[in-house]
Amino acid sequence: QFRPEKDHALQLRAFGLLLQRWHSCGCPLPRPKLVLAGAVRHAADQARLDALRTLAVQLDLSGDDVTFAPNLELTALNELLGK
């Protein structure tokens, strides 16, 4: 779930720093990728998810870097977790 106590914004900022260091040290490919999956239960969760997407853009994290996967069916979630 996209709940405030999980502090997804902090996770995005930390991941952005990781990618900066990854790039500056010339680390090998493939680059790490962050996937944020969870339920959007109501308008407050949707607003939080929208704000996280905006923050990802502000942090210059592309779709190749971060994937948002809200409200996945169980089979899709199991497939995602199996990767």
Side-chain angles (χ1 to χ4, degrees):
Q1 295 174 342
F2 290 92
R3 299 181 48 87
E5 61 269 17
K6 295 183 179 180
D7 204 350
H8 293 96
L10 178 63
Q11 294 176 47
L12 283 172
R13 287 185 186 95
F15 189 70
L17 290 173
L18 170 78
L19 289 183
Q20 287 175 2
R21 291 182 181 171
W22 189 275
H23 179 70
S24 67
C25 79
C27 292
L29 296 175
R31 285 169 42 133
K33 181 173 181 132
L34 178 64
V35 178
L36 297 176
V40 175
R41 303 161 300 150
H42 45 63
D45 283 356
Q46 184 62 54
R48 203 170 293 112
L49 178 57
D50 294 343
L52 291 168
R53 286 181 168 141
T54 299
L55 178 60
V57 170
Q58 292 170 347
L59 295 171
D60 202 27
L61 297 172
S62 73
D64 293 334
D65 299 322
V66 178
T67 299
F68 294 94
N71 298 325
L72 293 178
E73 296 289 330
L74 183 58
T75 55
L77 180 62
N78 286 337
E79 181 181 324
L80 177 67
L81 294 174
K83 289 184 178 183

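Heavy atoms only: backbone and side chains are in, while hydrogens, waters and symmetry mates are out.
The line from CG of Leu10 to CZ of Phe15 is 13.5 Å long, rounded to the nearest 0.5 Å. Atom CG of residue Asp45 and atom CG of residue Leu49 lie 8.5 Å apart, to the nearest 0.5 angstrom. Distance check: Asp64 CG to Arg31 CZ gives 8.0 Å after rounding to the nearest 0.5 Å. Taken from CZ in Arg53 to CG in Leu12, the straight-line distance is 11.5 Å, to the nearest 0.5 Å. Atom CD in Glu73 sits 12.5 Å away from atom CD in Glu79 (nearest 0.5 Å).
Minimum heavy-atom separation, Asn71 to Ala39: OD1-CA, 3.4 Å. Here the closest non-hydrogen pair linking Pro32 and Leu18 is CG-CD2, 3.8 Å. Across all non-hydrogen atoms, the minimal contact from Gly38 to Phe2 is O-CE1, 3.4 Å. Taking all atoms of both residues into account, the shortest heavy-atom contact from Arg41 to Gln1 is CD-NE2, 3.2 Å. Contact detail for Pro28 and Trp22: the closest heavy-atom pair is O-CZ2, 3.1 Å. Across all non-hydrogen atoms, the minimal contact from Ala37 to Leu80 is CB-CD2, 4.0 Å.
Partner of Phe68 under the side chain to side chain contact (heavy atoms under 4.5 Å, CB included) criterion, out of Val40, Leu36, Leu34, Asp50: Leu36 alone.
Residues Leu52 and Leu19 fall within the same hydrophobic cluster, defined by Ile, Leu, Val, Met, Phe, Trp and Tyr side chains chained together at heavy-atom separations under 4.5 Å.
The environment of Asp60 atom CG is sparse: at most 12 non-hydrogen atoms of other residues, nucleotides or ligands sit within 6.0 angstrom. Counting heavy atoms of neighbouring residues, nucleotides and ligands inside a 6.0 Å radius, atom NE2 of His23 does not exceed 12 of them.
Between the side chains of Asp65 and Ser62, at least one donor-acceptor pair of N or O atoms lies under 3.5 Å. For the residue pair Asp7/Gln11, the side-chain donor-acceptor check at 3.5 Å is not satisfied.
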